[in-house]
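Report on the structure given below.
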Amino acid sequence: MENVAKPWPALWALVVGFFMILMDTTIVSVANPKIMEGFKTDINSVIWVTSAYLLAYAVPLLITGRLGDRFGPKTLYLIGLVIFTAASVWCGLSGSIEMLVIARVVQGLGAACMTPQTMAVITRIFPPEGRGKAMGLWGAVAGLATLVGPVLGGAVVTTLGWEWIFFINLPIGIVAFALAWRLVPRLETHPHRFDILGVVLSAVGLFLVVFGIQEGETYHWGTIFGVVTVWSMIIAGLIVLVVFVVWQAKNKNEPLLPLSLFSHRNFSLANATITMIGIAISGVSLPLMFYFQIVLGFAPIGSAMMLVPMSVILLALAGFVGGLTDRVNPRNIAFAGLVFLAAGMVWYSLWLDTNVDHWWRLLFPAALLGVANACMWSPISSSATRNLPRHQAGAGSGVYNTMRQIGSVLGSAGISALMQTRLAADLPGGAGAGGTHFAGPLPEALHAGFANAMSEAMLLPAAAAAVGAVIVLFFAKPSTNHGWGK
């Protein structure tokens, strides 16, 4: 641990910007129907507004974690914050869906510079025995941001228009920059070499897999651009990712992904778990927001308010769970959270129908998801970083955040593909085929089919959460020296 007189003000300064970039992973979900209507595009195209951001966010995280070690986490954080804030303004000014997607890519690159620095700073300025509370704050911010995004987005879209979900980042970004400049310390740097081949392989592999999954239904799982089949693209992406891992094992200089990190048992398991959480969380809001607005006819703000119980319960429990993580085995807390997460999503799946009069009952699964989020983030984050050596703090946090974002990318692509597949199957007369889009309200005759498709889509994130719960069961038990073992 590095000697920092006031670690908590530094952490609070960092989480302002961290909250903003994570909020942007979900804030667009509530605006998707309005963006789709405004640009007269289809569901698949508008989901790329989220997927492009997540992909550009995920791919560079490994190298930006290393850059933080090399040039200092404060420097990388501030650079990323400037890029992110400027790109947010660009998003709001976009005049086409294509321009909006490009601006979101730049936004994702800025976010990638910022995220690893927050965990790296926690690892370096807080002692292991007190890191649970710090990770509790970090985890609460991560969970709250993904839940507040749709709520805030709904209010902004309803009152000001979808463009303002991006413009509001300008004042937040300015405040975050001033706080970080003043309160975040400049920490010791460590020299690193950079694995350019590793960056290329990871980027190409991820893009091929995500593009293939998300665009599969659009091309009827056949040939893309008349050149290559969807499945061959996905398989090629997986092969490239395998080659990436092999290269990391053989690279004797300094690989992008230090495989030695995975000698820590809980680090490996926490990364697998956070990937499942990324899939689950990114897959929840899209079908819900489309259901609330298109089937139940809610305004964006009304749709967002349906998720308020999540945010309220998460805020109420986050501090307690963070402190509890320092005293008991975090495995037990995380397992309960993931079971609640899966149960809440199944509960949603069972109750998504066309009965507008019973909308209020959907607040109950939202409340259960709030409990789930309060129990997940802090224990898993604390377990991932507890035993990492100081000089690998940036690399470790980069890997952890990369896996979370990879999960989010795969979840976004997967839910897009599943939604389109189920719409094609459930809407009568083939109305859902070919990338459904609606210039106006959905005809009432199609409500039942649309609701059923969204209900079926909710089972994907539920399955991911269930897998995460099983993985958590294999976390190591706590040792007597405050470590959780390898």
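Positions are given from 1 along the sequence.
Distance CZ/F267 to CE/M403: 9.5 Å, rounded to 0.5 Å. Atom OG1 in T85 sits 9.0 Å away from atom CD1 in I172 (nearest 0.5 Å). Rounding to the nearest 0.5 angstrom, the gap separating the CE atom in M289 from the CE atom in M454 is 12.5 Å. Taken from CE in M345 to CG in L460, the straight-line distance is 9.5 Å, to the nearest 0.5 Å. Residue S303 holds its OG atom at 10.0 Å from CG of L288, rounded to the nearest 0.5 Å. Atom CH2 in W164 sits 10.0 Å away from atom CD1 in I168 (nearest 0.5 Å).
The list of salt bridge (Lys or Arg N to Asp or Glu O under 4.0 Å) pairs with a residue in residues 413-424, not counting sequence neighbours, reads R422-D426, R422-E456. Within the structure, no pair that satisfies the salt bridge (Lys or Arg N to Asp or Glu O under 4.0 Å) test touches residues 282-304, not counting sequence neighbours. Identified under the salt bridge (Lys or Arg N to Asp or Glu O under 4.0 Å) test for residues 275-302, with sequence neighbours left out: none. Applying the salt bridge (Lys or Arg N to Asp or Glu O under 4.0 Å) test to every pair with at least one member in residues 24-34, sequence neighbours left out, gives these pairs: D24-R104.
Judged as a side chain to side chain contact (heavy atoms under 4.5 Å, CB included), and not counting sequence neighbours, the contacts of S282 are S408. The side chain to side chain contact (heavy atoms under 4.5 Å, CB included) check on T159 picks up nothing, with sequence neighbours excluded. Residues forming a side chain to side chain contact (heavy atoms under 4.5 Å, CB included) with I79 (at least two apart in sequence, or on another chain): T75, I83. Contacts of S455 classified as side chain to side chain donor-acceptor pair (under 3.5 Å), with partners at least two apart in sequence or in another chain: S349. For A111, the side chain to side chain contact (heavy atoms under 4.5 Å, CB included) criterion is met by I21, Y53, Y57, F84, not counting sequence neighbours. For E163, the salt bridge (charged side-chain N to carboxylate O under 4.0 Å, His left out) criterion is met by no residue, not counting sequence neighbours.
For the pair T115 (side chain) and A112 (backbone), a donor-acceptor distance under 3.5 Å is absent. The main-chain N or O of I281 is never found under 3.5 Å from a side-chain atom of S285 such that the two would form a donor-acceptor pair. Distance alone, capped at 3.5 Å, is enough to place a donor-acceptor pair between the T64 side chain and the P60 backbone. With hydrogens and angles ignored, the 3.5 Å screen pairs no side-chain donor or acceptor of K74 with any backbone N or O of P185.
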Please report the C-alpha distance between I380 and Y400 in whole Å, then the side-chain angles of each, then the deciding distance to 0.1 Å, and finally whether the side chain to side chain contact (heavy atoms under 4.5 Å, CB included) criterion is met. CA-CA 10 Å; I380 296 170; Y400 182 80; 3.5 Å; yes
For N32 and W162: C-alpha separation, side-chain torsions, deciding distance, then whether side chain to side chain contact (heavy atoms under 4.5 Å, CB included) applies. CA-CA 9 Å; N32 276 334; W162 68 262; over 6 Å; no
After noting the C-alpha distance and the side-chain angles of I471 and M276, does the key distance pass the side chain to side chain contact (heavy atoms under 4.5 Å, CB included) rule? CA-CA 9 Å; I471 295 171; M276 293 299 107; 4.2 Å; yes
From CA spacing to verdict: side chain to side chain contact (heavy atoms under 4.5 Å, CB included), Y77, C113: CA-CA 6 Å; Y77 178 87; C113 290; over 6 Å; no
Let me have the donor-acceptor pairs involving side chains of residues 237-248, under 3.5 Å, with sequence neighbours excluded, atom names and distances please.
| from | atom 1 | to | atom 2 | distance (Å) |
| --- | --- | --- | --- | --- |
| W247 | NE1 | D195 | OD1 | 2.9 |
| W247 | NE1 | D195 | OD2 | 3.1 |
| Q248 | OE1 | L256 | N | 2.7 |
| Q248 | OE1 | L257 | N | 2.6 |
| Q248 | NE2 | D195 | OD2 | 2.8 |

Show me the donor-acceptor pairs, under 3.5 Å and distance only, between side chains in residues 151-158 and residues at least two apart or in other chains.
| from | atom 1 | to | atom 2 | distance (Å) |
| --- | --- | --- | --- | --- |
| T158 | OG1 | G154 | O | 2.8 |
| T158 | OG1 | I301 | N | 2.8 |

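Residues F450 and L427 approach most closely at N-CD2, 3.4 Å, considering heavy atoms. Considering all non-hydrogen atoms of both residues, A457 and P287 come closest at CB-CB, 4.4 Å. Here the closest heavy-atom approach between residue A10 and residue V184 is recorded as O-CG2, 3.7 Å. A176 and V16 get closest at one heavy-atom pair: CB-CG1, 3.8 Å. The heavy-atom pair separating G212 from V230 by the smallest distance is O-CG1, 3.3 Å. The nearest pair of heavy atoms linking A366 to M310 is O-CG, 2.9 Å.
Residue W12 qualifies as open at atom CH2: its count of foreign heavy atoms under 6.0 Å is 12 or below.
Contact check for L11 versus V121: no side-chain heavy atoms found under the 4.5 Å cut-off. Between F292 and L362 there is a side-chain heavy-atom pair separated by less than 4.5 Å. F262 has its side chain within reach of V399: a pair of non-hydrogen atoms, C-beta onward, lies under 4.5 Å apart. At least one side-chain heavy atom of M376 sits under 4.5 Å from a side-chain heavy atom of L338. Side-chain contact between W90 and F166 is absent, with no heavy-atom pair separated by less than 4.5 Å. Between L286 and S416 there is no side-chain heavy-atom pair separated by less than 4.5 Å. With a 4.5 Å cut-off on side-chain heavy atoms, M20 and L81 count as touching. Looking only at side-chain heavy atoms (C-beta outward), F39 and L100 come within less than 4.5 Å of each other.
Aromatic rings of W359 and Y291 (six-membered ring for Trp) have centroids beyond the 6.0 Å cut-off, not under it.
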